[in-house]
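Shown next, in structure tokens, is the structure this report addresses.
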Number of protein chains: 2
Amino acid sequence: MESGEKVEKDYRRYALLLKALADETRVKILDMLSHNELCACNILAEFNITQPTLSYHMKILSESGLVDSRRDGVWMKYAVNRNNLEVVKKLFDNIANNIANVK
Amino acid sequence: MESGEKVEKDYRRYALLLKALADETRVKILDMLSHNELCACNILAEFNITQPTLSYHMKILSESGLVDSRRDGVWMKYAVNRNNLEVVKKLFDNIANNIANVK
DNA sequence: GCCACACATAGACATATGTCAATGTTTATT
DNA sequence: AATAAACATTGACATATGTCTATGTGTGGC
């Protein structure tokens with residue numbers, strides 16, 4: 001780190017991303033999407049929730065930036081956004097690194 | 001992965017850990033604790049919240065397992081729990097790895 | 001024992017969250 | 001254009017969350 005550099009981390013951004021994952025259903029969805037792009041109907045089949053509830057969760061994941069969506073005919077296809085996943089990954093990498101080095 | 005192995009990931013545990021970090025104040029606290037063990041009074045000085053509100057946040061972090069606490073005379077000292085931080089870190093490592101390899 | 005300090009707990013409150021049933025919208029097929 | 005399929009939106013609701021003030025609890029110094 002440069003001397004005199006003011007590092008004001010964007011904790012609000014972290015909280016928004018992590019809030020999107022503060023739900024069992026949505027963590028599982030992200031994990032599913034990490035293997036493949038999927039349509040809502042594929043995802044819905046893995047849960048015991050109604051279609052509007054899934055739609056609500058996908059909206060939260062999309063608006064957080066962790067998941068991208070695109071139309072494909074009748075279907076909506078969802079995929080993990082690599083940049084924002086990297087933001088979260090690096091947060092925990094850094095924290096783990098701090099713990100390992102300083103203490 | 002072994003063939004025939006049934007991998008039922010503990011998404012509930014992930015969600016509980018991430019829910020503890022789904023708040024701007026608590027993410028910042030975890031980051032602070034990654035550098036040093038700190039007492040509540042040290043942490044409180046960095047925020048514009050009341051002492052009971054901080055106590056509420058520390059309870060959530062402690063009960064999630066992400067943060068350990070111990071008494072030191074009049075003070076409560078808080079530190080990051082390495083095992084549970086590793087759980088979260090590995091979750092995102094795996095997801096990032098899935099994205100890189102499969103797609 | 002009394003006091004001050006550090007922290008926890010209780011109660012109250014406004015807002016956010018997750019869920020559903022009902023309905024709307026978009027797309028492709030016929 | 002009529003229909004069906006996939007998904008989104010709306011409105012309602014119960015519960016969870018984050019914050020405060022007021023008060024309780026534990027610790028060490030005098």
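Throughout, a chain's letter reflects where its sequence line sits, starting with A, and its residues are numbered from 1.
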| field | Minimal non-hydrogen separation, B:R26 against B:K19, with atom names | value | NH2-O, 3.3 Å
| field | Over all atoms of both residues, closest heavy-atom pair of A:I43 and A:M32 | value | CA-CE, 4.0 Å
Choose from [options] the nucleotide whose nearest atom is closest to any side-chain atom of [X].
X     : options              : value
B:D23 : D:dG18, D:dC7, C:dC7 : D:dG18
B:K59 : C:dG18, C:dT9, C:dC7 : C:dT9
B:C41 : C:dC7, D:dC7, C:dA8  : C:dC7

| message | Do B:D31 and A:Y11 pair up side chain to side chain, a donor and an acceptor below 3.5 Å, judged on atom types alone? | response | yes
What is the separation between atom [atom1] on [X] and atom [atom2] on [N], rounded to the nearest whole Å?
X     : N      : atom1 : atom2 : answer
A:F47 : C:dC20 : CZ    : C1'   : 17 Å
A:I49 : C:dA21 : CD1   : C1'   : 15 Å
A:Y56 : D:dC13 : OH    : P     : 18 Å
A:I60 : D:dA8  : CD1   : P     : 13 Å
B:L38 : C:dA6  : CG    : P     : 15 Å
A:Y78 : D:dA6  : OH    : P     : 14 Å
A:R70 : C:dT27 : CZ    : C1'   : 15 Å
B:K77 : C:dA8  : NZ    : P     : 14 Å

OP1 or OP2 of [N] sitting under 4.0 Å from any side-chain N/O of [X]?
X     : N      : value
B:T50 : D:dC20 : yes
B:T53 : D:dC20 : yes
B:R71 : C:dC7  : no
A:H57 : C:dT19 : yes

| task | Classify the nucleic acid contact of B:K19 as base, sugar-phosphate or nothing, counting any heavy atom under 4.0 Å across all strands shown. | result | sugar-phosphate
| message | Assuming nearest nucleotide by heavy-atom distance, tell me which of B:V74 and B:P52 is located more 5' along DNA chain C. | response | B:V74
| note | Taking for A:N48 and for B:M58 the nucleotide of DNA chain C with the nearest heavy atom, the one nearer the 5' end belongs to B:M58
| query | Under 4.5 Å between any side-chain heavy atoms of A:D72 and A:R70, yes or no? | reply | yes
| request: Return the 5'-most residue of the pair B:T25, A:W75 with respect to DNA chain D, ranking by each residue's nearest nucleotide. | output: A:W75
| request: Could you tell me whether the side chain of B:Q51 has a donor or acceptor atom within less than 3.5 Å of a complementary atom in the base of C:dA8? | output: yes
| message | Has B:N36 got a side-chain atom pairing as donor or acceptor with B:L38's backbone, closer than 3.5 angstrom? | response | no
